[in-house]
Every structure is written in structure tokens, then in C-alpha cells.
Amino acid sequence: MTTEKHGFEAEVSRLLHMMVHSVYSEREIFLRELISNASDACDKLRYEGLTNADLLKDAGDFAIDIRLDKDTKTLTISDNGIGMNKDDLISHLGTIARSGTSAFMENISGDAQKDVNLIGQFGVGFYSVFMVADKVEVLSRKAGEEAAWLWASDGIGEYTISSAEKAGSGTSIMLHIKDDADEFLEVYRLKNIIKTYSDHITLPITLISKSKDEEAEDAETSEKVNDGTALWARPKSEITEDQYKEFYHHVGHAYDDPATTIHYRAEGKIEYTVLLYIPSQQPMDLFDPARKTKVKLYVKRVFITDDCEDLLPSYLRFMRGVVDSEDLPLNISREMLQNNPVMRSIKNAVTKRILNELEKKADKDSDGYNEFWKAFGPVLKEGIYEDFERRDQILKISRFETTADKGLSTLDDYLSRMNEGQDTIYYITADSLDAAKRSPQLEGFKAKDIEVLYFTDPVDEFWLQMMPEYEGKKFASVTRGSADLDEKKDDEKQENNPELDALIGVLKTNLGEAVKDVRVSNRLTDSAVCLVADDNDMDIHMERILKMHNKLDGAASARVMEINGENPLIKALSEQATKDGSVDALKDASQILLDQAKIMEGDLPDDPVGFASRLSAIMTNSFK
Ligand code: ADP
Ligand code: MG
């Protein structure tokens with residue numbers, strides 16, 4: 001029999017180093033992690049078995065055994081779940097594949113004490129065994145395969161894999177407990193840990209220990225330790241907050257505290273139980289392009305799948321938890337789930353319930369709601385775009401920053417603060433709040449005390465297309481079209497200014513096709529120039545988003561350049577513009593003006609090298 005040696009992925013080595021040397025005081029969480037994995041493995045096999053009955057041939061009832069042997073100082077956690085073959089062992093227990101662990105690695109600060117506390121927050125799954133064991137052996141056989149494999153490691157740099165024998169599919173993980181961790185060889189201690197962290201696991205967890213009775217050699221005592229009833233099936237009044245929290249950690253593969261827990265039973269034509277959580281922190285995969293929902297579907301307390309598109313809309317993909325149906329058949333397959341009328345009505349009702357809960361939270365606990373909004377608002381807003389029926393409700397509970405600087409506001413707040421006679425809801429879109437705040441196009445609006453909404457999530461551009469107005473007031477971008485900032489229109493001074501007209505002529509000649517038009521701005525008060533989109537052109541920020549995603553056909557549209565007649569630079573240039581030969585004399589200045597406007601948009605000048613050399617030339621001149 002050959003034994004292969006493999007090195008851990010570098011990241012895993014770092015993680016293991018932490019585990020081996022950890023002084024984390026709650027090392028007991030290793031057991032929660034192993035039990036959670038064992039339970040997942042059984043769920044997986046049960047689900048696979050629905051479509052491939054052969055896999056269940058000799059599986060028996062799913063169960064988790066924990067065997068304690070004080071003589072050899074070992075603790076062995078066994079399941080009869082899906083098991084792992086050689087490739088699985090290498091990819092699951094030698095690399096960082098899972099999201100929780102990579103989130104952990106990203107949060108590592110280098111400060112030992114802080115990092116140790118992260119272990120509790122993230123769990124870091126399987127690798128946490130090395131906090132309590134100096135050698136770990138994983139014996140596993142994948143369902144449907146004959147070969148078994150033994151994975152072994154002391155958690156330092158390397159692991160070995162060799163072929164092995166094992167009756168039945170599943171996994172047995174043997175921990176050689178460290179000397180300073182012998183508390184985990186005590187029955188009462190283990191019972192206590194299982195009760196605390198894993199009581200909700202629906203498989204029986206049996207603790208088996210060699211009896212102390214010397215006479216009867218090999219005698220064993222065994223005891224089922226967990227309650228084993230599905231937590232969501234119990235009455236609310238019998239569930240403690242800690243139990244809800246532990247279940248969230250397990251079901252959501254998450255380690256933050258849930259911000260909101262929604263637990264109810266729907267009775268009537270269609271019966272089901274819902275236990276859902278809103279996390280307090282963004283899950284790692286929140287912005288995955290796949291936009292998958294993670295809520296688990298159960299049928300009569302039996303796990304069916306956590307990959308079910310028809311359970312919740314994508315814009316609620318931050319939710320974690322379970323929905324347990326009484327009406328679906330137990331052997332329901334993926335195909336049968338699609339377009340299933342029972343699923344459709346569950347999806348509808350649960351979506352409605354979640355939005356109503358959010359609305360209630362927004363009313364009753366605005367601070368808590370704002371926290372929720374900061375984490376999940378950008379995702380929820382996708383619903384304005386794609387859920388026609390609930391568009392208005394989602395918009396009502398949406399929050400926005402605005403130039404009024406009053407923190408997160410609703411659209412109704414905005415309406416109530418609108419100036420008399422204002423019939424437009426103004427907004428500016430940008431990549432970030434800071435970028436939005438710096439936009440020169442806002443200057444005139446601020447001067448006139450007109451509030452502008454900051455739209456800083458990419459999704460804002462998209463839902464705006466579906467919702468051109470709110471409560472009868474049109475949305476209008478401050479970077480598009482001409483700004484009707486009333487009074488300034490009558491400003492004769494600006495309208496009849498031959499020098500300014502001359503400069504506009506010079507700029508048009510020099511910039512040619514690069515701009516669509518040049519005109520005097522009434523949205524600027526300080527800055528010299530800005531770019532705006534023409535009435536019928538795409539908003540500047542939208543164009544940038546599409547460009548980033550390679551979704552833009554053809555070239556970007558040319559912009560309208562607006563100049564500020566009150567700005568000293570524009571005044572100086574205007575004076576020059578009336579002189580002979582001004583077109584040539586102002587060639588560099590024209591280009592720099594345009595480049596400057598682009599930079600303020602967060603774009604690069606079309607020709608950065610040219611920009612730099614023009615700027616250098618001007619600076620050199622000014623120091624002569
Ligand atoms: P997570 O459970 O969050 O995916 P872990 O570090 O706990 O991360 O486990 C890593 C992976 O190893 C699991 O996703 C699973 O594929 C595999 N694994 C761990 N324990 C078992 C087991 N008892 N049976 C089958 N697969 C397992
Ligand atoms: Mg795990």
C-alpha cells in the first residue's frame with residue numbers, strides 16, 4: 001500500500017499554524033464544526049439518493065456517532081453520509097474552498113489576540129480540529145464507490161493519503177487529543193458541548209464510551225445526546241435565543257449573530273413552517289453573479305435541497321434558514337420543483353411576509369433598519385427592477401443618502417422637503433458617496449437649496465429605467481439635460497456676454513467631435529467646467545457601468561461641456577478668446593479644460609500622456 005504525501009495550500013498552512021498554536025479559550029467549537037459537517041454529509045446523501053436509489057442500498061438510518069476512548073486518548077466522529085473520495089479529500093481538506101474559511105482569512109489582522117477571537121466568529125470548519133488534536137485521521141468512503149481512503153495529518157505543512165478499507169459509505173474522523181485538551185475526553189464535557197451547539201441537529205447523535213468496568217472488558221455505554229427534533233418544528237415559546245442563534249450558525253454556515261429572526265407556521269390550504277434569519281453581516285457570496293438563494297427546503301422535516309431557485313426571489317438571497325413544506329412529496333426531484341404550484345404559492349407568501357417584516361422594522365426600529373439597509377439595501381433594490389408586483393413596496397422601504405445630509409432618508413422624506421413648485425426628484429449617480437458628493441454638477445443645486453438624492457449602487461441605474469417617477473414626480477439626473485435652476489435663466493449678464501460667446505466658439509473649434517456642444521452652465525457655482533449628458537443620451541455614470549461590464553456597443557457618446565462664466569479661469573480664458581489667433585493660442589487650454597472635466601467624473605483623460613505634457617508646459621510657462 002502506498003502512502004502519498006501532499007503539502008497544504010499555503011493559505012491553509014497559515015491557518016493551521018494558527019490553529020496548532022491557538023490559545024483560544026473556546027476550543028470546544030471544533031465539535032460543533034465536525035457534527036455540522038457530518039449532518040451536511042448525511043443530508044447530501046439523502047438528497048442524492050432521491051434520484052439514485054442505489055446509493056442508499058446499504059446506508060441504513062442516518063446517524064452520527066461519537067466514540068470516546070480514554071485509553072488511546074482518541075475521539076472519533078463518524079457519519080454514514082456521502083463520504084469523500086481521494087479527490088474530495090485533497091480539495092476539501094487541503095485547500096481553502098469554502099466561503100467561511102476564506103472570509104476568515106480575509107479578516108486576519110496579524111494581531112494574535114484579535115485573530116484568535118475570529119476563530120469563534122467564523123468557526124473555520126474542519127481545520128479547527130487542530131486546536132485540540134495533534135494528529136487527525138480521516139477515514140472516508142464515498143457513496144457509490146468501493147475504495148476507501150485514509151487522510152492523516154499532524155496539522156503541520158503536510159498530509160498523507162493512502163488507500164484503506166471501510167464498510168459502508170461515510171466518514172470517520174479520529175482525533176488524537178492533545179495532552180492539554182484532555183477535558184474533551186470526559187463524557188459530561190462532551191455531552192454539554194453537544195447540547196449547547198448541536199441540539200438542533202435532526203440526526204441522532206450518540207455518545208459511546210468504553211465502560212470503566214474492568215471486569216467486563218470492551219463493555220461500552222452509549223447514549224443519545226441531542227434532542228433531535230427540528231428546531232423550527234418546536235413552539236416558539238420553547239426555543240431560547242441561544243438555540244435560535246446556534247441553528248442560524250449551522251443552517252447559514254455563518255458566524256455572525258442574526259439581526260432578525262422570522263419564525264412562523266402557515267396553516268390553511270398549503271401548510272409549511274418558516275424559520276428565516278436576516279444576517280447582521282454581508283455573507284461572502286452576496287454579490288456572486290449567480291445570485292443564488294441559500295434558504296434550505298425541507299419536506300416534512302427531511303432536508304431536500306439548498307439549491308432551489310423557486311423558493312425565494314434572488315433579491316432576497318441574503319436570507320438564511322429553512323422552509324419546511326407539509327404538502328410536497330418527499331421524493332420530489334429538482335425538475336419537479338420547477339413551476340410547481342405549491343412552490344409558487346410558498347414563494348409568494350414568504351416573500352410577502354419578509355417584505356412586511358422589513359416594513360415593520362423600518363417603522364419601529366429605524367436604527368436597526370438602517371443597519372440592515374447598509375448591508376443589504378443594494379441587493380433588495382434589485383427587486384424594484386425585477387419584481388413588478390412589489391416594486392412600490394420595495395421603493396417605500398428603500399433608503400438614500402441625500403445632499404440634505406440628514407442620514408438615510410426615504411423618498412417620502414425627500415418629497416416632504418421639496419421646495420415649493422418643485423416637480424422633479426433630482427438625483428446624481430456615482431460609484432461612491434464620496435465621488436457623488438464631489439460632483440461639480442451639484443454646485444448650482446446646493447446654491448439654490450435644492451435637495452439631490454445620491455444614488456451610489458450600480459443597481460440604481462437599472463431600477464430607474466423601470467421607475468421613471470415616484471408619486472407623480474419625475475426622477476431627473478443632475479448630470480443630464482439642461483438644468484432648470486429657474487432664476488439664473490433670467491440672468492442677462494450671462495446671456496449677453498460676447499467674450500464668453502467667443503470662448504464657446506474657440507472651444508467648439510478646438511474640441512471638435514470630442515464634445516457634443518459647449519454651453520454656459522447654470523449648475524456650476526465654483527468649478528470651471530463639467531460634463532453633462534444630452535437630454536436623449538445615456539447618463540454618464542450608466543455608460544461607465546456598461547463599459548465596465550463590456551455591455552456597451554460602439555463608442556461612448558460625446559458629452560455636452562458646460563462652462564461657468566463666473567469662474568476666474570473661464571473669465572481669463574474668455575478675455576483671451578476675443579483676441580486674434582485665439583483658436584491656436586487656446587488649443588492646449590481647451591484640451592486641458594475637457595480633460596479636467598473628465599477627471600472630475602472619475603475618468604481618465606483620453607490621452608493621459610498628452611494631458612501631462614500640456615500641463616507641464618503650462619506650469620513651466622507660469623514659473624518663467
Ligand atoms: P464547510 O462545512 O463550511 O464547507 P469545512 O471546513 O467544515 O467547511 O469542511 C470542508 C469540506 O469538507 C466540506 O464542505 C465537505 O465537502 C467536506 N467534508 C468535511 N467533513 C465531511 C464529512 N464528514 N463528510 C463528507 N464531507 C465532509
Ligand atoms: Mg463545516
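Ligands are counted one by one from 1 in listed order, and the atoms in each one are counted from 1 as well.
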* Hey, would you say the Y315 and W463 ring centroids sit under 6.0 Å apart? -> no

* **Where ligand 1 meets F126 - atom numbers and elements under 4.0 angstrom, heavy-atom basis** => 5 (P), 6 (O), 7 (O)

* **Residue from L311, V251, D307 passing side chain to side chain contact (heavy atoms under 4.5 Å, CB included) with K296** => V251

* To do: Record the part of D79 in heavy-atom contact with ligand 1 below 4.0 Å; permitted values are side chain, backbone, both and neither.
  => side chain

* Asked: Got an N, O or S from S36 under 2.8 Å of the Mg ion (ligand 2)?
  -> no

* Asked: Based purely on interatomic distance, does N37 place a nitrogen or oxygen under 3.5 Å from a nitrogen or oxygen of ligand 1?
  -> yes

* Where the closest heavy atom to atom 17 (C) of ligand 1 is concerned, which of E33, K44, H92, H250 has it? -> H92

* To do: Not counting sequence neighbours, which residues clear salt bridge (charged side-chain N to carboxylate O under 4.0 Å, His left out) with R234? List them please.
  => D227

Side chains of residues 200-208: which donor-acceptor pairs under 3.5 Å do they make with residues two or more places apart or in other chains?
{"residue": "H200", "atom": "NE2", "partner": "Y197", "partner atom": "O", "Å": "3.3"}

* **Reference residue Y159; test side chain to side chain contact (heavy atoms under 4.5 Å, CB included); the match among L16, D154, I90** => I90

* Contacting atoms of ligand 1, where contact means under 4.0 angstrom from a heavy atom of G125 -> 5 (P), 6 (O), 7 (O)

